[in-house]
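If you read the sequence from its start, that first residue is 1, and numbering goes on from there. What you are looking at is a predicted structure, and each value in this text was computed from that prediction instead of being measured.
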Amino acid sequence: MACLVLYMTLTFLFSIPLPRGSHLKSWDPNFSLILGNEQTQDRPWQGTISDLYIANQVLAKSELIQAFASPDDLRLLRQKAVAFYSLSGQDSYPDQIGESPRLVWQGDRPECQGNCQPILNSQHWLATERSANWITEKIRETSQFTLITTVSTSKVNQTGPARIISLSGSPYHRNFTLGQEGPNLAFRIRTPITGENGLRPELIVPDIFSDTTPHLIAITYANSLLQVFIDSVEHSFYLELIPGKSALLNIFPGEIDDNLLIYALVYYSLIFVPLGLILSLMTMFYQGNVGFVILWSFMGGLAPVLLLEVILATGTGRAISLSNILLGAAIMTFTLLLVSGGIRFWSWLTLSRGIRKAHP
C-alpha cells in the first residue's frame, strides 16, 4: 500500500503544470516580427496572409466565436490587442494599435494593385523595420497571448518548417513561430521547458495545408496550454507543455513528435501500466478479502485516473477530457487484467506440473 501511495505522489508531482516552466519571461525583446521567411532568409514560405491580430491575453470563447464568425471585423477586438496589421496592397503596413513598427517589404517589392493581398515568397517577404519589442514585452508581462490570422498556402509541400509568421532572430532562436511542414501546421513557442528553439515539443496539426484554401487560424497560450483553432472553435488541437510530457519527448526524440495519439498512448502507458501492475499484485495478495479488493480497485485505479485529469485540466485551464479519462482507465484495466490473468495462469501451470509429478 505504501508503494502505491509513493507511486501516485511521484506521478502527480511529475504531471503538475509548473509555473516556472510555463512562463514567457524568457522571450527576447530584440527579435523582429517576420512574415514569410526567417531572419536569415533561408526559410521562405509561399502564400498569402491577411489580417494579423496579437493580444497579450487569451480571448474568451465568445470572442473567438465572434472572430471566426466575422473575420473581417477583428478590429472590434482591438481593445485587447497589442498589435494589429491589415495586409492589403503593396506598401508598408502600419500597426493599427500604433505601438509597434511597420511591416516593410524585404527583397523585391511584389506586384500588387489596389487592395489585393500580396503573395509572400523567397523573393519578397515582410519584417518589422526594427525589433517588435512592444509585442514581446506586453506578452512577457502576462505570459499569455492570442494570435489570429488568415493564411493561404500557395504550395502544399513546403518544409523547414517554412516560416509563415515568426517572432525570431534565427532558425534556432525564437519567441514563437507559425510554420508549414509539408501539409501540416507547425507551431513552436519558447518557454523554459521547450528552450530557445521552442522545438521540443512543438505542436503539429496535420493536413491543414493539404490544399490552397484560406484558413482562419487562432492560437492561444496560457498556463502551459497551447491551443490551435482552425476555422472554428470546435476544430481545435492542444498541447500541454508540462514537465512529464516534455521529458517523454526528450527520451524518445523524433519518435512521437508528429502523432499526438501515439504521444498520448506512450505518456499514459508510462503512468498507468505501473499502476495496473501494482494493483494486480495487491488484488492477488488480498484476494480473500473481497471488500478490500473492490475498494482498492476503485481508489487505486479509477480515482487516480480522474484525479490526474482534473490536475491537468485545472492546471492548464482547459476542459476535462473524457477521452483522456477513458484512455487512462483502459490502459490501467488492461494491465491489471493481463498481469492478474498471467499470475493465475502461471499458478495453475505450476500446480498442474506438481500434480503430474506427484502422480506420474
Quiz item: Minimum heavy-atom separation for S236 to F229, with atom names?
Solution: CB-CD2, 3.4 Å
Quiz item: If every non-hydrogen atom of A55 is compared with every non-hydrogen atom of K80, which pair is closest and at what distance?
Solution: CB-O, 3.2 Å
Quiz item: So F237 and I219, side-chain contact (heavy atoms from CB on, under 4.5 Å) or not? Walk me through it.
Solution: CA-CA 10 Å; F237 304 81; I219 301 170; over 6 Å; no
Quiz item: Is there a donor-acceptor pair closer than 3.5 Å between any side-chain N or O of Q180 and the backbone N or O of K155?
Solution: yes
Quiz item: Do you know the tightest heavy-atom contact between S86 and Y93?
Solution: O-CD2, 3.6 Å
Quiz item: Is L35 reachable from I164 through a run of hydrophobic residues whose side-chain heavy atoms are each under 4.5 Å from the next?
Solution: yes
Quiz prompt | Side chain T220, main chain T146, donor-acceptor under 3.5 Å | solution = no
Quiz prompt | Distance in Å, T150 OG1 paired with L216 CG, rounded so as to fall on 0.5 Å steps | solution = 4.0 Å
Quiz item: E181 side chain to G160 main-chain N or O, any donor-acceptor pair under 3.5 Å?
Solution: yes
Quiz item: Is N133 close to W27 at the side-chain level, that is, under 4.5 Å between some pair of heavy atoms?
Solution: no
Quiz item: Which atom pair, heavy atoms only, marks the closest approach of P214 to S152?
Solution: CA-CB, 3.8 Å
Quiz item: If you round to the nearest 0.5 Å, how far is CG of L33 from CZ of R102?
Solution: 14.5 Å
Quiz item: Could you give the distance from CG (N121) to CH2 (W45), rounded to the nearest 0.5 Å?
Solution: 10.5 Å
Exercise. Starting at OH of Y221, measure out to OH of Y238 and round the result to the nearest 0.5 Å.
Key: 15.0 Å
Self-check item: ILVMFWY network linking I34 to Y172, side-chain heavy atoms under 4.5 angstrom
Solution: no
Quiz item: Between M332 and V310, is there a shared hydrophobic cluster once you connect ILVMFWY residues whose side-chain heavy atoms come closer than 4.5 Å?
Solution: yes
Exercise. Determine, using the 4.5 Å side-chain heavy-atom cutoff (strictly less than), whether L178 and W125 are members of one ILVMFWY cluster.
Key: no
Exercise. Check the pair V228 / I208 against side-chain contact (heavy atoms from CB on, under 4.5 Å), numbers first and verdict last.
Key: CA-CA 11 Å; V228 176; I208 300 303; over 6 Å; no
Quiz item: Among L226, L239, L199, N175, which one satisfies side-chain contact (heavy atoms from CB on, under 4.5 Å) with I189?
Solution: L226
Practice problem: Can you see which heavy atom on V58 is nearest to which on A222, and at what distance? | Solution: CG2-CB, 3.6 Å
Exercise. Give a yes or no answer on whether the side chain of D51 reaches the backbone of T149 with a donor-acceptor pair at less than 3.5 Å.
Key: no
Quiz item: So, K138 and E99, do they make that salt bridge, N to O below 4.0 Å?
Solution: no
Self-check item: Side-chain donor-acceptor pair present, H173, S170, cut-off under 3.5 Å
Solution: yes
Quiz item: What are the two closest non-hydrogen atoms of D207 and N184, and how far apart are they?
Solution: N-OD1, 2.9 Å
Quiz item: Donor-acceptor pair, R130 side chain versus T128 backbone, under 3.5 Å?
Solution: no
Quiz item: Transitively linked via ILVMFWY side-chain contacts under 4.5 Å: V151 with I119?
Solution: no
Quiz prompt | Backbone of N56 reached by a side-chain donor or acceptor of T142 within 3.5 Å | solution = yes
Quiz item: Can you tell me how far CZ of R188 sits from CZ of F176, rounded to the nearest 0.5 angstrom?
Solution: 14.0 Å
Practice problem: Return yes if a side-chain donor-acceptor contact under 3.5 Å exists between R43 and N37, otherwise no. | Solution: no
Quiz item: Pick one: which of L59, I97, L147 meets side-chain contact (heavy atoms from CB on, under 4.5 Å) with Y53?
Solution: L59
Exercise. Could you tell me the separation between the OG atom of S50 and the CD1 atom of I148, rounded to the nearest 0.5 Å?
Key: 11.5 Å
Practice problem: Show the numbers, then the answer: is there a side-chain contact (heavy atoms from CB on, under 4.5 Å) between I54 and F84? | Solution: CA-CA 6 Å; I54 303 175; F84 178 73; over 6 Å; no
Practice problem: Could you tell me whether a side-chain N or O of Q158 sits under 3.5 Å from a main-chain N or O of Q46, the two making a donor and an acceptor? | Solution: yes
Quiz prompt | Close side-chain approach of T136 to D28, heavy-atom, < 4.5 Å | solution = no
Practice problem: Please answer whether the main-chain N or O of V104 pairs with a side-chain N or O of Q106 as donor and acceptor at a distance below 3.5 Å. | Solution: yes
Quiz item: Do L185 and I204 come within less than 4.5 Å of each other through their side chains, counting heavy atoms only?
Solution: no
Practice problem: Please examine the side chains of H235 and F68, heavy atoms only from C-beta on, and report whether any two atoms are closer than 4.5 Å. | Solution: no
Quiz prompt | Side chain proximity check, L225 to N223, heavy atoms < 4.5 angstrom | solution = no
Self-check item: Derivation and outcome, side-chain contact (heavy atoms from CB on, under 4.5 Å), residues R163 and R174
Solution: CA-CA 11 Å; R163 301 329 195 223; R174 77 193 71 258; 3.4 Å; yes
